[in-house]
Structure formats: C-alpha cells, structure tokens
Amino acid sequence: MPGSAVDRLAAELSELAGAPVELERPAKAEHGDLATSVALRVAPVRGRAPREVAEELAAAAVGLEHVERADVAGPGFLNLWLAGSWFVRTLSEVLDAGPAFGGGFADPVERVQVELVSANPTGPVVVSAARNGAYGDSVARLLEFAGHSVEREYYYNDAGRQMERFRASVEARRRGEEPPEDGYHGEYVRELARAGGDPVPPMLAQIERTLERFRIRFDTWELQSELEEREVPAALARLDTYERDGAIWARTSAYGDDKDWVVIRSTDGKPGYFAADAAYMLRKFGRGFDRAIYVLGADHHGYVGRLKAISRMLGIDPVRVEILVYQLVHLSVRGETTKMSKRHGDVVTLDEFIDEVGVDAARWYLVSRGHDQTIEIDVDLAAERSQKNPVYYVQYAHARIAGILRNAGDAQAGRAPPGELAPEERDVVKRIAEFPRVVRESAERRAPHSIPIYAIRVADDFHRFYHRHRVLGGGESESFRLGLCRAAQTVIARCLDLVGVEAPERM
RNA sequence: GCGCCCGUAGCUCAGGGGAUAGAGCGCUGCCCUGCGGAGGCAGAGGUCGCAAGUUCGAAUCUUGCCGGGCGCACCA
C-alpha cells in the first residue's frame with residue numbers, strides 16, 4: 001500500500017466515513033494521537049447531527065488494525081488513540097526506507113528546469129539575490145527529492161545597457177577617473193580595473209564561486225547575447241506582432257497581459273528584452289523540459305503576466321511556465337536597515353553575509369520564512385547569538401544522535417519496544433510519521449520554509465525524549481530507542497539537506 | 001490611479017475552515033552523581049490592522065477601508 005502510515009489510516013477512515021478524511025495531530029494530548037473533523041463537515045450535508053455521525057465513525061474505527069480507541073469530543077471531533085503496533089510499523093518503515101524516507105512521490109515524474117539567481121554580472125551577489133538562490137535551490141532540492149529530474153540554470157545578460165555602464169565604470173577607474181554618475185562605484189570595481197581585460201568573465205567567476213560556497217551548483221549558464229544571435233529571429237517569426245510608430249510590438253494584451261510590449265525598437269531597429277524573453281522560453285522548452293520554473297524577486301513580479309502571455313503566444317501551455325515570486329530582504333546592521341544598491345557600493349554582499357553568520361545560518365535564515373513574506377534579518381543578532389539560532393538547535397539534535405549512535409558500537413537498532421511506549425517515544429514516532437506529508441506539501445506548494453519549521457519540531461520532540469529517557473544502557477528498551485534515534489536522525493538530516501544546511505556528526 | 005505581496009506577543013516569524021492562536025530571541029524563575037547543558041521544565045506577554053459578509057465554526061475564505069513593501073518604459 002502506498003503512502004505513509006498516516007495516509008493509509010486516513011484512507012481507511014475515508015472509506016468508513018464515505019468522505020475524505022484528513023488526520024491532524026491535536027494540540028492537546030487528551031485529544032488523542034490523531035484527530036479528524038470529518039463528522040462536522042459531513043453532517044450538515046447529510047442532514048444529521050455531527051456527534052451522531054462521529055459516534056458511528058468511532059464505532060467503526062475501533063475495528064481498524066492500528067486503532068486502539070476512538071472518542072467523540074466537543075461538537076463532533078473524532079479523536080483516535082493508536083495501538084502500539086502502529087508505532088512499530090511506522091518506525092520500521094522509516095528505518096527500511098533510510099534516506100529515501102518521504103521522497104519519491106512525484107507523479108508524473110517531470111523534467112524540470114529551475115532558473116535561479118540570474119543576476120547580471122555587474123557586481124557581487126547581494127543578499128536579495130541570495131534569497132533567490134536559497135529559495136530556488138531549496139525548491140529544486142524538494143523537486144529532486146520528490147523524484148523529478150531537475151536542472152539549475154543561471155541566465156545572464158552580458159550585452160545590455162547595465163553591462164555597458166559596468167564596463168564603462170571599470171574603464172573609468174583604469175583611467176584614474178571616477179565612474180559615471182549612473183555607473184558602479186563599489187570597491188570591487190577598482191579591483192576589476194587593476195586586473196585588465198573584459199571585467200565580465202572574472203565577475204562571473206566570482207559569482208559562481210560565491211554561489212558554490214553557498215552550496216548552489218548550476219548545470220547550465222545561458223548567455224543572452226548568444227541567445228539573441230542564434231534564436232531571436234526564429235522567435236520573432238512565432239510572435240503575434242504589429243507595427244506602430246516605427247517599432248514592432250507584440251500583441252501581449254490579447255494573451256492576458258495588461259499591455260503590449262515592444263519587440264523591435266524604433267530607435268535602433270534592434271530587438272528589445274522582450275524578444276530575448278520569448279527566444280529564451282522557446283529555448284527552454286526546445287531542450288525538452290516539461291516545466292520551466294522562473295524564480296523572481298518581488299521587484300520583477302511585473303514579469304509574471306508578460307511571461308504567461310509569451311507562453312500563450314508561443315503555444316506553450318502556461319501551466320508549464322511556473323513563476324515563483326519571493327519578497328525582498330532587508331538586513332539591519334547595528335540597528336540600521338541597509339538599502340541595497342550595487343551602484344553605490346553600499347551593499348551587503350552574500351560573501352560578507354556568509355562571513356558574518358556562516359553558510360548554514362545564512363541559508364537557514366533566508367529560506368525559513370515564507371517566500372511571500374518580506375523579511376528582515378538582524379545581521380548582528382544572527383552573528384552574535386549564533387549559538388542560539390534555531391539552525392544550531394536542529395543541528396545539535398543531529399549531532400547528539402550521531403554521538404549516541406557512535407557510542408552504541410555494535411548494538412543493534414531495533415523496531416519493537418519491549419512494552420508500552422512512553423509518551424515522549426510516541427511523540428517522536430508521530431512526529432517523524434508526519435514527514436512524508438510535510439515534504440510533499442512543501443514541494444507542491446513551492447514552500448520550502450515549512451521544512452525548517454518542521455525540523456525544529458522534530459528536534460524539540462527528540463530533545464524532550466532524550467532528556468527523559470536513557471538510550472544506551474536503557475536495558476531492554478535500548479534496541480528500540482536506538483531505532484528511534486536513527487529514524488529521527490534520518491528525518492533531521494533530510495530536512496537539513498533540503499534547505500542546503502549541513503547535518504554535522506559533531507559540533 | 002491600477003496590479004502583486006504583507007499587517008499575528010516587545011522583536012523576528014509560523015499557522016492555507018476546526019478544540020484554550022504557537023515558536024525562537026528578549027524578560028522571570030527552576031532542573032546537571034547518567035548517552036553531548038548548543039539541553040529540559042515553568043511563567044509573564046495577544047482587540048490575529050479595522051469593519052462588514054460567508055459558515056455550525058474565520059488569524060485562515062469574500063468585500064471595503066487603513067497602514068507598509070514592490071511593480072506599472074521603444075531600461076535591463
């Protein structure tokens with residue numbers, strides 16, 4: 001039977017209830033191990049009293065294999081107490097699956113391209129782009145874990161006006177002059193000036209180094225200039241266009257966007273950025289991807305309608321073009337919120353941020369908040385109190401377990417407890433049993449922030465269990481508890497990996 | 001003006017129709033003869049921006065208003 005232990009139970013109950021049952025973990029222990037409110041939802045439709053429906057379902061539920069007790073509470077909640085057999089079986093599933101536990105749920109399996117960061121190489125990676133990377137890479141990791149085939153791509157423009165300004169700024173420094181007013185003034189411009197040659201390749205190389213340090217590896221790097229030469233003409237032929245005021249326009253307003261866009265400029269007769277966007281999309285799907293994911297900051301959210309319109313115009317199903325928008329990041333340093341602008345050199349770069357707080361904390365902070373949320377990170381706090389960061393709390397749980405397993409030597413991790421499980425043991429098993437659902441929802445919703453939040457709960461439950469019960473030297477419970485430790489470690493390690501954070505054996 | 005995102009504890013944030021709204025930090029206390037104290041336990045702290053609506057039930061869904069962020073180029 002497919003699905004997790006919780007899913008299977010929910011499916012069995014759905015059968016009994018004649019309606020889809022969602023099982024939740026109640027906030028209070030007296031409400032059982034799992035609970036559902038189906039009766040409340042179903043009763044009005046059937047013209048019956050909720051409690052009555054719940055009572056019937058309770059009577060049927062106790063006949064199920066792993067259900068020990070079923071109570072009706074409140075207006076019609078059904079509270080379930082699980083039998084010891086459920087815990088044994090659940091723990092066995094985790095241990096048997098090992099690192100694969102909770103993954104492989106993609107259906108159908110797709111070839112997915114995730115395009116992320118894609119900052120033009122006019123300067124070092126700044127923290128808002130880092131959120132793009134942390135978010136996009138975690139989405140990519142979730143999709144990979146789900147079983148999809150994923151490629152990460154970095155797309156950049158090496159020939160636009162921004163790049164001209166950038167090169168001009170470097171040239172100015174080489175002549176010993178100040179860069180133009182609208183140019184780039186950062187210290188890195190001086191360094192590039194000293195090196196000689198086109199500053200773009202070294203800048204790009206630096207970006208790649210920074211992102212690798214941030215644990216993001218790209219499969220492909222796409223240049224807009226090459227795209228324009230090779231593929232813009234073909235794309236133009238496929239667009240729905242018209243001429244006006246000496247320019248060629250795309251009729252995007254007829255394809256869901258709120259305005260039309262210039263494809264060929266009247267000023268110089270050259271294709272504009274829109275033409276490159278269209279050519280780029282054709283290229284993505286020409287390479288055989290089932291789905292193209294764009295990761296964009298809120299400052300580019302105006303692209304959404306435009307990209308969707310392009311897909312319709314090109315005859316590409318818009319659902320295959322997925323645009324993920326994340327909100328911006330503010331850093332506060334010494335109580336002051338920094339404004340990030342590459343042109344004035346008054347920036348906090350990703351490298352500086354990593355130097356300050358470490359890669360693990362940097363990735364954790366950037367991905368543990370909902371992507372729809374504008375976030376503010378207090379750099380001093382993150383750095384100074386790094387010991388108290390949630391990321392270390394979770395890593396500590398992992399390292400602690402690693403320590404126990406090291407000390408365990410040849411002792412075998414088992415699955416069956418000698419008797420009744422203690423409440424803290426039940427809590428750990430119930431928590432890790434939630435993982436498949438958490439990770440699936442996180443992947444489907446493109447919401448990786450729920451992974452670190454869940455990981456904190458696992459660490460919580462484990463620390464509580466550890467504090468209350470001995471593992472090694474725990475007598476006849478030792479084997480079962482070692483199994484519990486290994487299962488918890490497996491889940492924590494996976495959570496950390498999904499957000500690009502290391503799972504240390506020692507701290 | 002139009003569009004997108006957001007207003008939840010002092011601060012940073014979870015919570016995607018259900019029970020008495022949660023966590024971390026900060027604040028008050030308590031717990032080390034033992035596997036890692038980077039730990040555990042307890043407490044104080046809330047008109048979930050405001051107002052209507054839908055619902056048996058709303059922080060959650062709808063609408064309006066208020067407040068904040070970001071977009072609305074023949075720029076990239």
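Below, read A as the first sequence line, B as the second, and so on, with proteins coming before strands; counting in each chain starts at 1.
- Rounded to the nearest Å, the gap between the C1' atom of B:G46 and that of B:G37 is 32 Å.
- The CD-C1' distance, from A:Glu441 to B:A14, rounds to 14 Å in whole Å.
- With B:C74, B:C70, B:G36 as the choices, the nucleotide that has an atom nearest any side-chain atom of A:Asp299 turns out to be B:C70.
- Residue A:Arg486 qualifies as open at atom CZ: its count of foreign heavy atoms under 6.0 Å is 12 or below.
- Residue A:Asp378 contributes atom CG, which lies 11 Å from atom P of B:C13 at whole-angstrom precision.
- Residue A:Ala73 is the one, among A:Glu505 and A:Ala73, whose nearest nucleotide of RNA chain B lies closer to the 5' end (criterion: closest heavy atom).
- Across the strands present, B:C61 finds its partner in B:G53; the criterion is a Watson-Crick or G-U wobble pair with both atom distances under 3.5 angstrom.
- Partner assigned to B:A44 is none, using Watson-Crick or G-U wobble distances below 3.5 angstrom.
- A:His31 qualifies as a stacking partner of the B:A19 base, centre to centre under 5.5 Å and near-parallel within 30°.
- The side chain of A:Ala298 lies closest to B:C70, out of B:G37, B:C5, B:C70.
- Judged by Watson-Crick or G-U wobble contacts below 3.5 Å, the nucleotide B:A14 has no partner.
- One finds the OG atom of A:Ser128 at 10.0 Å from the CG atom of A:Leu366 (value rounded to the nearest 0.5 Å).
- At least one test fails for A:Arg400 against the ring of A:Phe462: distance under 6.0 Å to the centre or angle within 45° of the axis.
- Ring centers of A:His463 and A:Tyr396: under 6.0 Å apart, within the cut-off.
- A syn base is found at B:C32: its glycosidic angle is within 90° of 0.
- Nucleic acid contact class of A:His469 (heavy atoms, under 4.0 Å, all strands): base.
- Side-chain atoms of A:Asn407 lie closest to B:G36 of the nucleotides B:G16, B:A23, B:G36.
- Within 4.0 Å (heavy atoms only), A:Ile377 reaches no atom of the nucleic acid at all.
- For B:A19, the base is stacked against the aromatic ring of A:Phe77, per a cut-off of 5.5 Å between centres and 30° between planes.
- Within 4.0 Å of A:Arg464, counting heavy atoms only, lie sugar-phosphate atoms of the nucleic acid but no base atom.
- Between B:U20 and B:C2, the distance separating the two C1' atoms is 43 Å to the nearest Å.
- Within the structure, every side-chain polar atom (N or O) of A:Lys270 is placed at least 4.0 Å from both OP1 and OP2 of B:C74.
- B:A58 sits 12 Å from B:G53 when the P atoms are compared, rounded to a whole Å.
- Atom P of B:A9 sits at a distance of 11 Å from the matching atom of B:C50, rounded to the whole Å.
- Within the nucleic acid shown, A:Gly370 comes within 4.0 Å of sugar-phosphate atoms alone, with no base atom in reach, counting heavy atoms only.
- For A:His301, the side-chain atoms get nearest to B:G3 when compared with the rest of B:C35, B:G3, B:C74.
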